[in-house]
Amino acid sequence: MEDFTKKSDDDPIQGQRQGGNNSDGHGNGGEVRHNHKHKKKSSKKKKSGKDTQHHSDSGKSSESGATYEDKIQAKQRAVAQVGSTFSRSGGDGSGGRSAVEHSSVLDARIEAKRAANLPLVANSTERSDSHIVNQRSEDYAPSNNRVGGVQEPLEDNEEELLLFADMTDYGQEREGSERNIFGAGDAGDIPHHQEVEEEEEIAYPDVQADIAVMEEIHQEGLVDEAGGIQAYIAEPEIISGDVIGVIKSDEEVEREERRVYTKYFVGASVCMVFLIIIIGVPVTLKLTNVISPTVVLTAEPTISPTCMPSEAPSSAPTSEYFTQVVEKLIPLSGNALYDPQTPQHKAARWISDVDQMDLNHPGFEQRYAMAVFYYSTDGDNWQTQDGWLKEGSECNWHGIQGLGNCLEGCTNDGDICGITMKYNRISGSIPSEMGILTQMRYFEIQNNVLTGTIPTEIGNWNKLSAFLVNWNKLEGTFPITFAPNNRLGTIFVNGNRLKGDSLVSSLSILKNLEWLEARENDLTGTLSADIANLNRLDIIDLRNNSLTGTIPNNWNETHMISSLMVSHNNITGRLPDTLGRVPRLRKLHISGNEMTGSIPVSYYNLSSLEELYLDDNNFYGGLPQTPEPIYENMEEFSIHDNAFSGRFPAEYFESSKLKLLSLHRNQLTGTITETICERTDTSQANSIRTLTADCDMIICDCCTKCY
């Protein structure tokens with residue numbers, strides 16, 4: 001060993017430098033490929049393609065001359081020497097290295113293998129920009145034992161150091177040709193650790209094996225039958241970042257699994273707790289009832305039990321007192337008491353749960369009816385609701401007041417006799433329960449938003465004198481139950497949506513009717529001749545409806561009527577002559593109908609007449625040409641859109657009371673006097689605000705509008 005080491009130090013590749021020929025005896029310097037196979041024994045026999053063994057003539061050593069430990073030590077020294085040489089040459093085996101330095105490195109590698117009694121195995125390929133080493137998978141068995149170019153130890157503690165020669169073309173031949181690292185030359189025979197056994201010759205190259213290897217890496221067509229695997233540049237494969245996962249350490253995986261198991265455990269525990277509560281609580285309550293049962297008396301059992309309690313009270317009474325309240329009020333409100341959404345149910349609840357009035361109190365039903373009215377008309381949103389549903393008498397609630405002998409809103413006995421709430425944002429309908437207020441004398445809910453129909457039950461208010469519901473949205477017909485009321489004197493239903501002829505037909509029965517205002521509805525029917533029998537009738541306003549027929553002609557001096565207004569209907573016929581006998585007639589409005597004829601002479605004596613509206617009809621004839629009483633107090637005189645003819649007697653209209661004079665679209669002639677024109681000055685207190693005429697027929701220098 002000492003001589004061998006020294007020899008390696010002086011000239012590590014001395015024997016190899018003497019021979020430059022390859023295994024077939026030719027020194028042509030061409031590409032050299034080798035197939036080799038190793039037995040699992042130490043002694044191996046290397047053969048070339050022509051089965052020629054090359055042994056060095058020098059460097060033989062006896063098999064017994066080196067132990068296994070000596071081999072290992074020699075191997076370590078040789079590897080260290082190669083590493084030192086590699087470091088001095090540039091670190092990568094080629095960079096900055098001369099041809100001589102590169103040759104020295106290769107010789108050192110060969111000497112290192114000899115020193116370790118290992119077989120010389122190497123492949124060399126051409127070097128371009130990349131180092132490509134082609135290996136046969138059969139060369140080293142098993143292939144998965146190879147790590148970093150060094151095969152794992154084999155049986156019998158044998159090791160192989162696989163050194164891959166990195167043959168590079170330096171642009172010039174090295175001593176005539178590339179060195180064949182398997183050529184023997186004068187380098188001597190390769191020492192054997194054991195007896196070399198004869199093994200089967202393998203033809204080079206093994207084309208089928210090379211093809212199989214290349215197919216595994218999807219590189220077909222790169223195997224030459226003469227030269228083996230050819231050099232190639234592998235195509236780069238682009239891998240999307242979306243499919244690349246993070247490789248976690250075993251510790252991270254274990255922590256993540258522990259967290260998942262913890263979540264599962266906590267979830268299972270929570271579910272178990274809920275399951276115990278769901279099962280355990282009912283069982284516990286059942287056992288408790290078995291041990292100490294109690295008897296609970298309910299007012300009235302439900303038809304069938306429900307799974308969950310509803311947010312609103314059930315339809316059946318839930319307390320004994322509420323049951324008694326419902327039983328007392330059933331005749332008044334019926335099944336509506338069982339519906340939690342109805343005003344009746346809410347009022348009964350308030351009575352039983354909040355107010356708790358004695359069932360035997362004389363004002364029990366009255367208080368209940370007023371509570372129903374509150375809930376039915378959206379009392380929570382009234383503009384003023386002082387006192388409602390509070391402690392104390394309902395006579396003190398806002399709006400409980402009237403007129404005359406009902407000025408305070410309640411009688412001395414505490415009965416409500418008057419309700420007055422104008423402009424209070426009252427909406428909803430009038431409940432039928434209000435019919436029990438038999439002492440009602442005055443009911444006024446004007447300019448609100450009442451809807452629905454007028455309940456027939458309020459016809460029970462036989463002491464009612466005034467029913468005022470102007471400017472709401474009431475619908476349906478006017479209840480005929482009002483007819484027997486001998487005290488009803490005033491009815492205001494203007495600006496609603498009432499229809500039918502019930503109101504008009506009831507006029508003759510309402511003996512004490514004094515004031516009727518029902519304009520701007522959709523009332524139908526005709527004015528009965530019996531209307532002239534209403535001796536107390538003062539004002540009747542049925543404008544803007546759908547009345548038909550004629551105006552009765554049975555008036556006399558005893559009638560108290562002061563205003564007859566039936567404009568904008570479908571009334572036909574002539575002006576009744578008898579109407580001229582009514583001494584108190586102040587307003588006669590018949591505009592917008594289909595009446596015809598001339599102004600009766602009897603009308604000339606209507607000295608109280610202030611407003612005469614005959615426009616938009618089919619009247620004709622002339623106007624009185626003498627100073628008749630009809631002109632004395634005239635304030636508004638409108639006869640446009642007719643067929644009146646003749647001279648207009650302007651001199652009789654110079655009264656200081658005149659405010660409106662509308663003459664256009666007739667056949668009148670004449671001149672508007674200077675006195676009348678002076679009163680068109682709007683700065684004056686009693687000026688004429690409207691003055692119209694056919695200015696091509698009537699000379700008018702001051703008309704507000706000429707036609």
Side-chain angles (χ1 to χ4, degrees), residues 328-337 342-344 347-348 351 357 361-377 393-395 397 399-406 408-421 426 428-446 450-470 472 474-493 496 498 500 502-503 505-516 518:
K328 186 175 180 64
L329 298 174
I330 280 289
L332 184 60
S333 299
N335 292 331
L337 289 164
T342 62
Q344 291 79 7
I351 289 286
M357 174 179 273
H361 192 283
F364 179 83
E365 291 183 343
Q366 173 180 280
R367 197 168 179 84
Y368 164 73
M370 297 303 293
V372 174
F373 176 77
Y374 178 87
Y375 286 114
S376 181
T377 56
S393 172
E394 58 272 20
C395 293
W397 294 353
I400 306 304
Q401 63 184 35
L403 293 175
N405 58 358
C406 185
E408 299 298 327
C410 282
T411 65
N412 295 332
D413 296 331
D415 297 328
I416 293 177
C417 62
I419 297 177
T420 303
M421 283 190 284
I426 297 174
S429 60
I430 302 172
S432 61
E433 285 79 5
M434 297 289 284
I436 67 170
L437 305 178
T438 57
Q439 297 299 315
M440 185 69 69
R441 293 174 171 83
Y442 188 85
F443 185 81
E444 180 180 5
I445 303 182
Q446 300 190 86
L450 287 175
T451 57
T453 61
I454 301 172
T456 59
E457 287 79 2
I458 66 175
N460 298 329
W461 296 349
N462 52 23
K463 295 182 180 180
L464 184 67
S465 62
F467 182 72
L468 314 177
V469 291
N470 278 341
N472 282 281
L474 294 170
E475 300 176 345
T477 60
F478 190 84
I480 59 175
T481 54
F482 279 102
N485 191 330
N486 293 326
R487 297 187 180 184
L488 185 58
T490 304
I491 300 175
F492 285 0
V493 292
N496 283 280
L498 300 176
S502 59
L503 176 58
S505 62
S506 299
L507 295 180
S508 60
I509 305 175
L510 297 171
K511 301 299 182 181
N512 290 309
L513 184 63
E514 298 179 5
W515 195 345
L516 171 64

Roughly how far, to the nearest 0.5 Å, is the CG atom of N462 from the OG1 atom of T481? 11.0 Å
Point-to-point distance, once rounded to the nearest 0.5 Å, from CG of N460 to CG of N485: 10.5 Å
Correct closest heavy-atom pair for S432 and P455 would be CA-CB, 4.1 Å
Of the non-hydrogen atoms in L329 and A348, which two are nearest, and what is the gap between them? CD1-CB, 4.4 Å
Pairwise side-chain contact, I419 with M421, heavy-atom cut-off 4.5 Å (strictly under): yes
Closest heavy-atom pair and its distance - C410, C417: N-SG, 3.6 Å
Value rounded to 0.5 Å, distance of SG in C406 from CE in M440: 8.0 Å
Using 0.5 Å steps for rounding, measure from the CD1 atom of I445 to the CD1 atom of I430. 5.5 Å
Between N470 (side chain) and V493 (backbone), is there a donor-acceptor pair under 3.5 Å? yes
Please check if the side chain of Q366 supplies one atom and the backbone of I416 the other of a donor-acceptor pair under 3.5 Å. yes
With sequence neighbours excluded, tell me which residues meet side chain to side chain contact (heavy atoms under 4.5 Å, CB included) with I480. S502, S506
N472 (side chain) donor-acceptor with L474 (main chain) under 3.5 angstrom: no
Taking only residues two or more places apart in sequence or in another chain, which ones pass ring pair (Phe, Tyr, Trp, His ring centres under 6.0 Å) with F443? W461, F467
Could you check whether any side-chain heavy atom of T377 comes within less than 4.5 Å of a side-chain heavy atom of S429, counting everything from C-beta outward? no
Are any side-chain N or O atoms of N496 and backbone N or O atoms of V469, one a donor and one an acceptor, separated by less than 3.5 Å? yes
Taking only residues two or more places apart in sequence or in another chain, which ones pass side chain to side chain contact (heavy atoms under 4.5 Å, CB included) with P431? V372, F373, S376, E433, M434
Distance (rounded to the nearest 0.5 Å) between I330 CD1 and N335 CG: 6.0 Å
State, yes or no, whether a side-chain contact exists between F478 and I454 at a heavy-atom distance under 4.5 Å. yes
Would you check if L437 and M370 make a side-chain contact, meaning some heavy-atom pair closer than 4.5 Å? yes
Determine whether a donor-acceptor pair (N or O, by modelled atom type, separation under 3.5 Å) exists between the side chain of S393 and the backbone of C395. yes
Taking side chain to side chain donor-acceptor pair (under 3.5 Å) as the definition, give me every residue that meets it alongside Q401, ordered by chain and number, with sequence neighbours left out. none
Mark yes or no for whether S465, through its side chain, and R441, through its backbone, hold a donor-acceptor pair below 3.5 Å. yes
Write down the atom of A369, the atom of I436, and the distance for their closest heavy-atom approach. CB-CD1, 3.6 Å
Are side-chain heavy atoms of L464 and F482 found at a separation under 4.5 Å? yes
Using side chain to side chain donor-acceptor pair (under 3.5 Å), reason through S333 and Y368 one step at a time and then give a plain yes or no. CA-CA 10 Å; S333 299; Y368 164 73; 2.6 Å; yes
Within this structure, what is the CD-CG distance for the pair E394 and D415, rounded to the nearest 0.5 Å? 9.0 Å
Side chains of T477 and L503 in contact at under 4.5 Å (non-hydrogen atoms): no
Can you sort out the partners of E514 under side chain to side chain contact (heavy atoms under 4.5 Å, CB included), two or more places apart, ordered by chain and number? R536
Considering residues at least two apart in sequence or located in another chain, which fulfil the side chain to side chain contact (heavy atoms under 4.5 Å, CB included) criterion with L468? Y442, E444, Q446, A466, T490, F492
